Amino acid sequence: MTYIAKPKLHHPKLPTNKLGFTRRDYEGAVSTLCAGCGHDSISAAIIQACFELDLPPHRIAKLSGIGCSSKTPTYFLGASHGFNSVHGRMPSVLTGANLANRDLIYLGVSGDGDSASIGLGQFAHSIRRGVNMVYIVENNGVYGLTKGQFSATADRGSKSKKGVTNTDNAIDLVAIALQLGATFVARSFSGDKSQLVPLIAAAIEHKGAAFIDVISPCIAFNNHSGSTKSFDYVREHNDAVNRLDVITGRDPITVDYAPGTVQVVEQHDGTRLALRKIDADYDVHDRLAAMTFLQKHAAKGQIVTGLLHIDPEANDLHDRLDTVATPLNRLDEAALCPGSAALDKINASLR
Ligand SMILES: Cc1ncc(C[n+]2csc(CCOP(=O)(O)OP(=O)(O)O)c2C)c(N)n1
Ligand code: SF4
Ligand SMILES: [Mg+2]
C-alpha cells in the first residue's frame with residue numbers, strides 16, 4: 001500500500017492528445033490497493049483508453065458499488081463525475097443517472113461479489129434494459145475487501161488460500177450478459193493491457209449495454225495454485241478468439257494484415273473495429289454460437305477472451321422508451337409543465 005501524494009508538476013514534454021491533455025490528466029488519486037492487485041492494471045487501462053479517445057473528462061460519469069474493485073474509480077479520471085453507491089446497487093443508480101442525462105458517458109465499475117451475489121438482480125436488469133453504459137466487472141473470484149471469501153464466480157473445485165474446496169457451481173457473468181441481450185460482450189485479463197485497452201475504448205464507443213468481464217487476480221487472497229483466477233492459471237489457460245483495433249473517424253484502415261484474417265465491424269456512429277481473428281471460425285455477430293463456444297471451452301478449463309459478441313445496430317433504453325433527448329436539468333418550465341390543456345388531453349386519453 002502506498003499513500004505518497006502524486007507530484008502535481010509533470011514533465012512539459014509529456015505526450016498530449018487532441019484536447020491537449022496528458023495521460024496524467026486522466027489519472028486519479030494514488031491507489032491504496034495492495035501492490036500488484038489486478039484492479040490497478042484495469043484503472044491504468046481505463047486511463048489509457050480515455051486518453052486515446054480524446055475524451056473530455058467532464059463528459060464521463062463513473063459509478064461503482066462496494067469492494068476493492070468499486071474503490072478504483074477514485075484512482076482514475078479524477079476530473080470526472082463519480083458516485084460510489086451501495087454494495088450491488090451501482091446498476092440502478094447508473095440507470096437513473098443515464099435516464100436523467102444521456103449526454104454523459106457512463107462507466108459502471110463493479111466486482112464479482114458486487115455483481116454476481118448481492119447485485120445479481122441489478123446487473124441482470126440493467127443489461128436486459130439496454131442501458132447505454134460500459135459495465136466492467138473486476139473479477140477475482142473472491143470478496144477481496146472482506147478478506148477472501150469465495151465469490152459466486154469462483155469455479156467449482158477451485159481452492160481457497162487455506163485449501164478449502166469450493167463446492168458451488170460458478171456464475172459466468174459473460175454467459176448471463178449474452179443471454180440477456182447485451183450488445184457488446186467481452187472478456188479480458190488485467191495482465192493483458194494490449195487486449196484490454198482497445199476493448200474498453202470500443203465499449204465506450206458502443207451505444208447500448210456493453211459488458212466486460214476482466215479477470216483480475218487478487219494477490220492477497222486468490223493467487224495461489226488451486227485458484228483458477230491466479231495470474232499463472234489465467235496466463236496458461238487464456239484462449240483469445242480475436243484482437244481488436246479501434247479506428248475512430250473515417251480514416252482508411254491502413255493496418256497491414258494477412259488477407260482473410262481481419263473482420264471490420266462498423267458501428268452506427270462511424271467507429272470501426274478491426275478484428276484480427278485468431279480463431280478463424282469465430283463470428284462475433286452470432287450470439288448463440290458465442291454461448292455454446294464459451295460453455296465448451298469452460299468445460300475444458302479454458303478462459304475465452306476477446307470481443308465475444310457485438311451487435312453494431314444496437315439501440316438503448318432511451319430509444320426504447322422514446323425519452324426526450326435533452327438532459328432533464330436543461331428542460332425549462334414550459335417543457336416540464338405543458339399546462340392544464342395538455343393534462344386534460346392526457347386524462348381524457350386514459351378514460
Ligand atoms: C449490504 C452490504 N453487505 C455486505 C457488505 C460487505 N462487503 C463489502 S465489500 C464485499 C464484497 C466485495 O467483493 P467484490 O465485489 O468481489 O470486490 P473485491 O473486493 O473482490 O474487488 C462485501 C460482502 C457491505 N459493504 N454491504
Ligand atoms: S485484497 Fe485483493 S482485491 Fe483487494 S486490493 Fe488487495 S489484492 Fe486487490
Ligand atoms: Mg472480487
Side-chain angles (χ1 to χ4, degrees), residues 1-4 28-46 62-76 82-94 107-124 126-127 135-156 158-162 164 166 168 170-174 176-177 187-191 196 211-235 303:
M1 259 191 240
T2 170
Y3 297 96
I4 304 164
V30 174
S31 172
T32 59
L33 302 186
C34 306
C37 174
H39 298 351
D40 280 333
S41 306
I42 302 173
S43 298
I46 292 171
K62 39 179 190 159
L63 296 97
S64 62
I66 299 288
C68 298
S69 35
S70 292
K71 285 171 70 179
T72 62
T74 305
Y75 315 135
F76 59 80
F83 195 94
N84 187 209
S85 73
V86 180
H87 198 23
R89 272 42 165 210
M90 175 276 287
S92 55
V93 178
L94 188 154
L107 276 184
V109 178
S110 181
D112 43 311
D114 201 56
S115 281
S117 288
I118 193 167
L120 186 60
Q122 298 238 340
F123 163 76
S126 68
I127 296 285
Y135 194 130
I136 297 176
V137 167
E138 306 190 344
N139 185 358
N140 52 20
V142 286
Y143 297 169
L145 191 70
T146 53
K147 307 243 175 276
Q149 302 86 348
F150 284 125
S151 81
T153 67
D155 287 310
R156 187 170 172 176
S158 62
K159 288 198 165 53
S160 72
K161 196 174 173 181
K162 303 243 166 179
V164 178
N166 177 34
D168 295 336
I171 290 177
D172 182 351
L173 292 172
V174 160
I176 297 179
R187 176 173 276 138
S188 192
F189 171 41
S190 63
L196 183 56
F211 175 65
I212 313 179
D213 180 46
V214 188
I215 311 294
S216 176
C218 168
I219 47 121
F221 300 109
N222 206 14
N223 194 34
H224 44 270
S225 62
S227 161
T228 56
K229 300 275 192 291
S230 66
F231 279 107
D232 285 348
Y233 186 92
V234 183
R235 280 195 196 105
I303 302 166

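Index from 1, following the sequence. All figures in this text were calculated on a predicted structure; none of them were measured in a lab. We count ligands from 1, going down the list as the structure has it; atoms in each ligand are counted the same way.
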Where on H39 is there a heavy atom closer than 4.0 Å to ligand 2, on the side chain, on the backbone, on both, or on neither?
side chain
How many angstroms lie between atom OG of S117 and atom CD1 of I171, to the nearest 0.5 angstrom?
6.5 Å
Examine S151 and say whether one of its N/O/S atoms is closer to the Mg ion (ligand 3) than 2.8 Å.
no
So, D114 side chain and I66 main chain: donor-acceptor pair closer than 3.5 Å or not?
yes
Given 3.5 Å as the limit, does a donor-acceptor pair link the side chain of K161 with the main chain of A220, or not?
yes
With atoms numbered from 1 as shown, which atoms in ligand 1 lie under 4.0 angstrom from a non-hydrogen atom of D114?
14 (P), 15 (O)
Is there a polar contact between ligand 1 and V142, counting only N or O atoms under 3.5 Å apart?
yes
Which of the N/O/S atoms in D112 sits closest to the Mg ion (ligand 3)?
OD1
Check whether any N or O atom of N140, backbone or side chain, sits under 3.5 Å from an N or O atom of ligand 1, and answer yes or no.
yes
Is a side-chain donor or acceptor of Q122 paired with a backbone partner of S92 at a separation under 3.5 angstrom?
yes
Is any N or O atom of D112, backbone or side chain, closer than 3.5 Å to an N or O atom of ligand 1?
yes
Side chain, backbone, both or neither: which applies to N140 and ligand 2 if a contact is any heavy-atom pair less than 4.0 Å apart?
side chain
Which residue and heavy atom of the protein sit nearest atom 7 (N) of ligand 1, plus the separation:
T146 CG2, 3.6 Å
In the protein, what heavy atom is nearest to atom 2 (Fe) of ligand 2, and what distance, to one decimal place, separates them?
C218 SG, 2.3 Å
Using a strict 4.0 Å cut-off to heavy atoms of F221, name the atoms of ligand 2 that fall inside it.
1 (S)
H39-ligand 1 polar pair, N/O distance under 3.5 Å:
yes
Using a 4.0 Å cutoff against the non-hydrogen atoms of L33, which atoms of ligand 2 qualify?
5 (S)
Reported CG-to-OG distance for the pair N222 and S151, which is rounded to 0.5 angstrom
8.0 Å
Measure from the side-chain N and O atoms of H224 to the backbone N and O of K159, and report whether any donor-acceptor pair falls under 3.5 Å.
yes
From S43 atom OG to K62 atom NZ, the distance as rounded to the nearest 0.5 Å:
9.5 Å
Closer than 3.5 angstrom, by distance alone: can the side chain of N166 be matched with the main-chain N or O of S160 as a donor-acceptor pair?
no
Could you tell me the residue and atom name of the protein heavy atom closest to atom 8 (Fe) of ligand 2, and the distance to it rounded to 0.1 Å?
C37 SG, 2.4 Å
Give the atoms of ligand 2, by number and element, whose distance to some non-hydrogen atom of A220 is under 4.0 Å.
1 (S), 7 (S)
One should read off an interatomic distance between N223 CG and S230 OG, to the nearest 0.5 angstrom, of 5.5 Å
Any chance you could measure T72, atom OG1, to Y75, atom OH, to the nearest 0.5 Å?
8.0 Å
Can you figure out which of I118, L33, V137, I66 has its heavy atom closest to atom 25 (N) of ligand 1?
I66
Of the listed options (R89, Q149, K147, H87), which comes nearest to atom 22 (C) of ligand 1 when hydrogens are ignored and any heavy atom counts?
H87
Under 3.5 Å, is there a donor-acceptor pair between the side chain of N140 and the main chain of K229?
no
Could you go through F221 and S227, starting from their C-alpha distance and side-chain angles, then the distance that decides it, and tell me whether this counts as side-chain contact (heavy atoms from CB on, under 4.5 Å)?
CA-CA 10 Å; F221 300 109; S227 161; over 6 Å; no
Does a donor on one side chain sit under 3.5 Å from an acceptor on the other, for S115 and Y135?
yes
Got a sec: is V142 within less than 2.8 Å of the Mg ion (ligand 3) via an N/O/S atom?
yes
Could you check atom 14 (P) of ligand 1 against the protein and tell me its nearest heavy-atom contact, residue, atom and distance included?
G113 N, 3.4 Å
Checking heavy-atom distances from atom 4 (Fe) of ligand 2 to each of G67, C68, G36, C34, the winner is C68
Could you tell me which atoms of ligand 2, counted from 1 in the order shown, lie closer than 4.0 angstrom to a heavy atom of I219?
7 (S)
